[in-house]
Amino acid sequence: MRERRIALLGATGSIGRQALEVVAANPELAVCALASGSQPLDELASELGVEHVQVGGDLRDVLEAAQPDLVLNAVVGFAGVGATIWALEHGVTLALANKESLVAAGDLALAAWRQGGGVLLPVDSEHSALFQCLEGHAANTIDSVILTASGGPFRNRSREELESVSVEDALAHPTWSMGPKITIDSATLANKGLELIEAHYLFGLDYDAIEVVVHPTSVVHAIVRFRDGASLAHLGYPDMRVPISFALTHPERRATPVSRLDFSAGLQLEFEQPDLERFPLLGLAREAGERGGTYPCAFNAANEVAVAAFLDGRIGFLEISRLVEDALGAFDGGPAEGLEQLSEADMQARRLAQGRLATA
C-alpha cells in the first residue's frame with residue numbers, strides 16, 4: 001500500500017484517538033491534517049508533525065488546504081456534514097464515522113457521491129459489518145439486513161426505573177467505550193435509529209428491509225439475509241479499532257491487536273426485539289426516515305439538543321425522547337434541496353427543542 005495521507009476530523013474524540021493508534025501501527029498511513037470542535041491541537045500536531053490544523057470553524061477550509069487522500073470524519077453531530085459533502089464531491093476516499101452526515105443530509109450526500117465517484121467506507125461497527133457482508137453480492141439477492149443493538153445500560157429497567165437514572169448511570173455502557181453523546185444515544189436507542197437511517201442511504205435499502213434487534217453481548221455486529229434463505233453475520237469482539245483499521249487500510253485489511261473470537265469459550269448469541277415503549281426514539285427515528293426530506297435532519301437536531309440538556313443535568317433521561325417527539329410534532333418539514341435548506345431545518349428544529357426545554 002502506498003502512503004495514504006489522512007485528514008483526521010474529530011481528532012480528540014474516542015474515534016480520533018483510536019484512529020491514531022491504527023495510524024501508528026501502519027507506516028504507510030500519515031496524518032496530514034487535524035481538526036477538532038474546540039479542543040486544542042497544538043501538542044498533537046507538533047508530535048505528529050502536522051502542518052494543517054483547525055479548531056472549530058468550517059472544516060472544509062482545512063481539507064482544501066491539506067488535499068488529503070482520505071478523510072476520516074469523526075466529528076460529532078451536524079457539524080460534520082460540510083466535510084462529508086466536500087470529500088464526496090471531490091472523489092476523496094471518505095471513512096465516515098459521522099453518521100449525522102447521512103441522517104441529516106442523505107440525499108445531498110448521495111448526489112455528491114455520484115458526482116465525485118469516490119469511495120465511501122463506513123466506520124460505525126454495524127455499517128462496516130454490513131459493508132463487508134454485502135460486498136460482492138448483487139442488490140437483487142438481498143432480502144433484508146439486521147442491525148444489532150447492545151440495548152445499553154438500561155435494557156432490563158422498567159420505564160418507572162428510567163425516570164430516576166443519572167447521567168453517570170447512562171454513561172456506563174456495558175460493552176462499548178465511546179464518547180458521551182453517542183453513549184447516551186446508545187442508552188436511549190437513538191443511536192440505533194440514526195444508524196437505521198444511515199443504512200438506508202448507504203446501502204440503498206427500503207426501511208422495511210432494515211431490522212433492529214437487541215444483542216446484549218455485541219459480538220454480532222450485523223446480519224444480511226439473502227433471498228435463498230441464507231444469512232451472513234459479521235462477528236467480533238466490540239472494539240472500534242477493527243472498523244477503523246478496515247476503513248483506513250482498505251482493501252488490505254491490516255492486522256490489529258484485537259483478540260480473536262474464542263468460539264470454544266461459550267459465546268452468548270442471544271437476540272430480542274427492542275421495546276419501543278421504553279425506548280421510543282428508535283421508532284421516532286424510523287418515522288422521520290420514512291417521511292424523508294428534512295425530517296431526519298430535524299430528528300438529529302432535536303436529539304442533539306436533548307442529549308446536551310441531559311448531560312448538563314437540565315432534564316431527566318425520559319425527557320430526552322419527550323422533547324424530541326414534541327419538536328418533531330411541531331416541525332414544518334420539506335424537501336432537502338441544499339445545505340442552506342438543511343441548515344435552516346437544523347436551526348428550526350433546535351429552536352423548537354430549546355423552546356420546549358425552556359418549559360420543561
Gap separating the CZ atom of Arg254 from the CG atom of Leu29, nearest 0.5 angstrom
7.5 Å
What is the minimum heavy-atom distance between Ile15 and Ala97, and which atoms define it?
CG2-CB, 4.2 Å
Check whether any side-chain heavy atom of Val145 sits under 4.5 Å from a side-chain heavy atom of Phe203, and report yes or no.
no
For residues Val92 and Trp86, determine if any side-chain heavy atom of one lies less than 4.5 Å from a side-chain heavy atom of the other.
yes
In this structure, would Phe310 and Leu282 fall into the same cluster of hydrophobic residues linked by side-chain contacts under 4.5 Å?
yes
Check Gly293 against Ala336 and note the closest heavy-atom contact, atom names and distance.
O-CB, 3.9 Å
Report yes if some heavy atom in the side chain of Val242 is under 4.5 Å from a heavy atom in the side chain of Ser125; otherwise report no.
no
Is the ring centre of Phe246 less than 6.0 Å from the ring centre of His250?
yes
Less than 4.0 Å between a side-chain N and a carboxylate O, is that true for Glu21 and Arg241?
yes
Exam field: side chain Ser46 to backbone Glu43, donor-acceptor pair closer than 3.5 Å:
no
With the side chain counted from C-beta on, respond yes when Ser101 and Leu96 share a heavy-atom pair under 4.5 Å apart, and no when they do not.
yes
If only atom types and distance count, is the side chain of Arg260 paired as donor or acceptor with the main-chain N or O of Val258 below 3.5 Å?
yes
Take Leu267 and Thr217, measure what side chain to side chain contact (heavy atoms under 4.5 Å, CB included) needs, and give me the verdict at the end.
CA-CA 9 Å; Leu267 290 176; Thr217 55; over 6 Å; no
Approximate separation, where rounding is to 0.5 Å, of Leu70 CG and Thr249 OG1:
10.0 Å
Donor-acceptor pair, distance only, cut-off 3.5 Å: does the side chain of Thr294 make one with the backbone of Gly334?
yes
Worked verdict on Ile320 versus Leu281 for side chain to side chain contact (heavy atoms under 4.5 Å, CB included):
CA-CA 9 Å; Ile320 298 174; Leu281 283 174; 4.0 Å; yes
Is it true that Leu318 and Val307 fall in one hydrophobic cluster, defined by side-chain heavy atoms closer than 4.5 Å?
yes
Quick one: do Lys192 and Glu195 make a salt bridge, cutoff under 4.0 Å?
yes
Is it the case that the side chains of Glu89 and Trp113 hold a donor-acceptor pair, with the cut-off being a distance below 3.5 Å and no angle test?
no
For the residue pair Arg157 and Phe154, would you count it as a cation-pi contact if the rule is NZ or CZ under 6.0 angstrom from the ring centre and within 45 degrees of the ring axis?
no
With the 4.5 Å side-chain cut-off for hydrophobic clustering, are Ile197 and Phe279 part of the same group?
yes
Distance (rounded to the nearest 0.5 Å) between Met347 CE and Leu342 CG
11.0 Å
Classify the side-chain pair Arg253/Gln132 by whether it contains a donor and acceptor separated by less than 3.5 Å.
yes
Close side-chain approach of Tyr201 to Val103, heavy-atom, < 4.5 Å:
no
Might you work through the side chain to side chain contact (heavy atoms under 4.5 Å, CB included) test for Leu352 and Val305, ending with a clear yes or no?
CA-CA 10 Å; Leu352 289 168; Val305 171; over 6 Å; no
Distance-only donor-acceptor pairs under 3.5 Å for side chains of residues 223-235, two or more places apart:
from	atom 1	to	atom 2	distance (Å)
Arg225	NH1	Ser144	OG	3.0
Arg225	NH1	Glu211	OE1	3.1
Arg225	NH2	Glu211	OE1	2.9
Arg227	NH1	Asn140	O	3.2
Asp228	OD1	Ala230	N	3.0

Any donor-acceptor N/O pair, Glu319 side chain to Gly316 backbone, under 3.5 Å
no
Salt-bridge present (Arg2, Glu252; N to O < 4.0 Å):
no
Identify each donor-acceptor pair in which a side-chain atom of residues 30-38 lies under 3.5 Å from a protein atom, sequence neighbours left out, and give them as a table.
from	atom 1	to	atom 2	distance (Å)
Ser36	OG	Gln39	N	3.4
Ser36	OG	Gln39	O	2.5

Approximate separation, where rounding is to 0.5 Å, of Lys99 NZ and Thr84 OG1:
12.0 Å
What's the spacing between Asp107 CG and Cys297 SG if we round to 0.5 Å?
11.5 Å
Please tell me if the side chains of Ile85 and Leu108 come closer than 4.5 Å, counting only heavy atoms from C-beta onward.
yes
In terms of the angle between their ring planes, are Phe271 and His215 parallel, tilted or perpendicular, with boundaries placed at 30° and 60°?
parallel
Any side-chain to backbone donor/acceptor pair from Glu126 onto His221? Under 3.5 Å, distance only.
no
Check: Asn73 side chain, Gly80 main-chain N or O, donor-acceptor pair, under 3.5 Å
yes
Between Leu323 and Leu357, is the side chain to side chain contact (heavy atoms under 4.5 Å, CB included) condition met? List the steps.
CA-CA 7 Å; Leu323 191 151; Leu357 187 58; 3.8 Å; yes
Give a yes or no answer on whether the side chain of Asn98 reaches the backbone of Val75 with a donor-acceptor pair at less than 3.5 Å.
yes
For Pro243 against Met240, the heavy-atom pair lying closest together
CD-O, 3.2 Å
Asp332 and Gln348, any side-chain heavy atoms less than 4.5 Å apart
yes
Spacing of Thr256 atom OG1 and Asp239 atom CG [to the nearest 0.5 Å]:
7.0 Å
If only atom types and distance count, is the side chain of Ser128 paired as donor or acceptor with the main-chain N or O of Asp124 below 3.5 Å?
no
Residue pair Asn26 / Glu28, side-chain donor-acceptor N/O under 3.5 Å:
no
Check whether the side chains of Ser343 and Asp346 place a donor and an acceptor atom closer than 3.5 Å, and report yes or no.
no
Do Lys181 and Asn303 come close enough that some side-chain heavy atom pair is under 4.5 Å?
yes
NZ/NE/NH1/NH2 to OD/OE distance under 4.0 Å, Arg350 and Glu304:
yes
Where Ile210 and Leu196 come nearest, the two heavy atoms and their spacing:
CD1-O, 3.7 Å
With distance as the sole test, does Thr141 use its side chain to make a donor-acceptor pair with the main-chain N or O of His137 at under 3.5 Å?
no
Which atom of Glu325 lies closest to which atom of Leu284, heavy atoms considered:
CB-CD1, 3.8 Å
Restricting to non-hydrogen atoms, name the atom on Ala327 and the atom on Ala302 that form the minimum distance, rounded to 0.1 Å.
CB-CB, 3.8 Å
Ignoring hydrogens and geometry, is there a side-chain-to-backbone donor-acceptor pair from Thr188 to Asp185 under 3.5 Å?
yes
